[in-house]
Amino acid sequence: MTETIDLARLFTETEWELLCDRCGLCCLYKIDDYETGEYLLTRVACPFLDTQCGNCTSYSERFEKMPTCARISPHAIDLARFWMPKHCAYRCIYERRPLPAWHPLFTAPERNQTEERLLAKIARLVKTEHAVPLIEAEEVLSIRQNAVKPNPNQKLDYQLIGNVIEAPLI
Ligand code: SF4
Ligand code: SF4
């Protein structure tokens with residue numbers, strides 16, 4: 001069992017934001033299968049997701065505009081991690097696993113002091129020697145860029161069922 005760490009005390013707000021790699025996968029609709037307990041990822045994207053760059057186009061107003069948008073706070077990770085992709089830094093940190101090698105914190109040409117400090121904190125947290133297999137950056141990009149926006153003229157349930165991604169991302 002993962003030892004509890006106080007993420008809110010450990011990371012500043014700026015550091016917390018830097019942990020997100022903007023993959024956008026948490027902004028794709030998911031199906032919560034009550035029978036199997038599985039979370040299935042779909043290719044249907046939130047209407048506010050910019051599928052090219054992975055940013056939210058209404059970030060400051062996201063909770064007003066999208067009632068189902070989830071706040072990824074340090075206090076919410078213990079529950080949110082069940083539906084977040086395995087490569088997501090928030091989930092990796094909670095589960096004490098290394099971040100994917102392609103995370104922007106590692107691949108940026110230069111790092112500032114904040115990023116260096118953040119990396120040092122992450123390195124101290126990692127306890128798992130062997131990481132679970134993580135999705136590659138190219139696949140993340142392909143899933144996000146091929147995502148579709150919901151069609152308001154069709155029942156959302158059917159659109160989600162028809163767009164389940166079978167790769168074991170979550
Ligand atoms: S899944 Fe994680 S890394 Fe990807 S956009 Fe969501 S919070 Fe950021
Ligand atoms: S509103 Fe929420 S779910 Fe939609 S794109 Fe923005 S952050 Fe993602």
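Numbering of ligands and ligand atoms starts at 1, following listing order. When reading the values below, keep in mind they use all heavy atoms of this one structure, side chains included, and skip hydrogens, waters and symmetry mates.
- Every protein residue with a heavy atom nearer than 4.0 Å to ligand 1 is included here: Cys20, Asp21, Cys23, Gly24, Cys26, Met84, Pro85, Cys88, Tyr90.
- The side-chain hydrogen bond (donor to acceptor under 3.5 Å, both in side chains) search around Lys121 returns Glu15, not counting sequence neighbours.
- Grouped with Leu141 in a hydrophobic cluster is no other residue, since no side-chain heavy-atom contact under 4.5 Å to another Ile, Leu, Val, Met, Phe, Trp or Tyr is found.
- In this structure, the side chains of Asp78 and Tyr94 come closer than 4.5 Å at one or more pairs of heavy atoms.
- Each of the following atoms of ligand 2 lies closer than 4.0 Å to a heavy atom of Arg62: 1 (S), 7 (S).
- For the pair Glu95 and Thr128, the minimum side-chain heavy-atom distance is 4.5 Å or more.
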Can you list, pair by pair, the side-chain donor-acceptor contacts under 3.5 Å of residues 143-150, counting residues two or more places apart and other chains?
from	atom 1	to	atom 2	distance (Å)
Arg144	NE	Thr51	O	3.1
Arg144	NH1	Arg22	O	3.1
Arg144	NH1	Cys23	O	3.3
Arg144	NH2	Gln52	O	2.7
Asn146	ND2	Ser142	O	2.9
Lys149	NZ	Pro47	O	3.3
Lys149	NZ	Leu49	O	2.7

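- Tracing side-chain contacts under 4.5 Å through hydrophobic residues (I, L, V, M, F, W, Y), one reaches Phe82 starting from Ile77; they form part of the same cluster.
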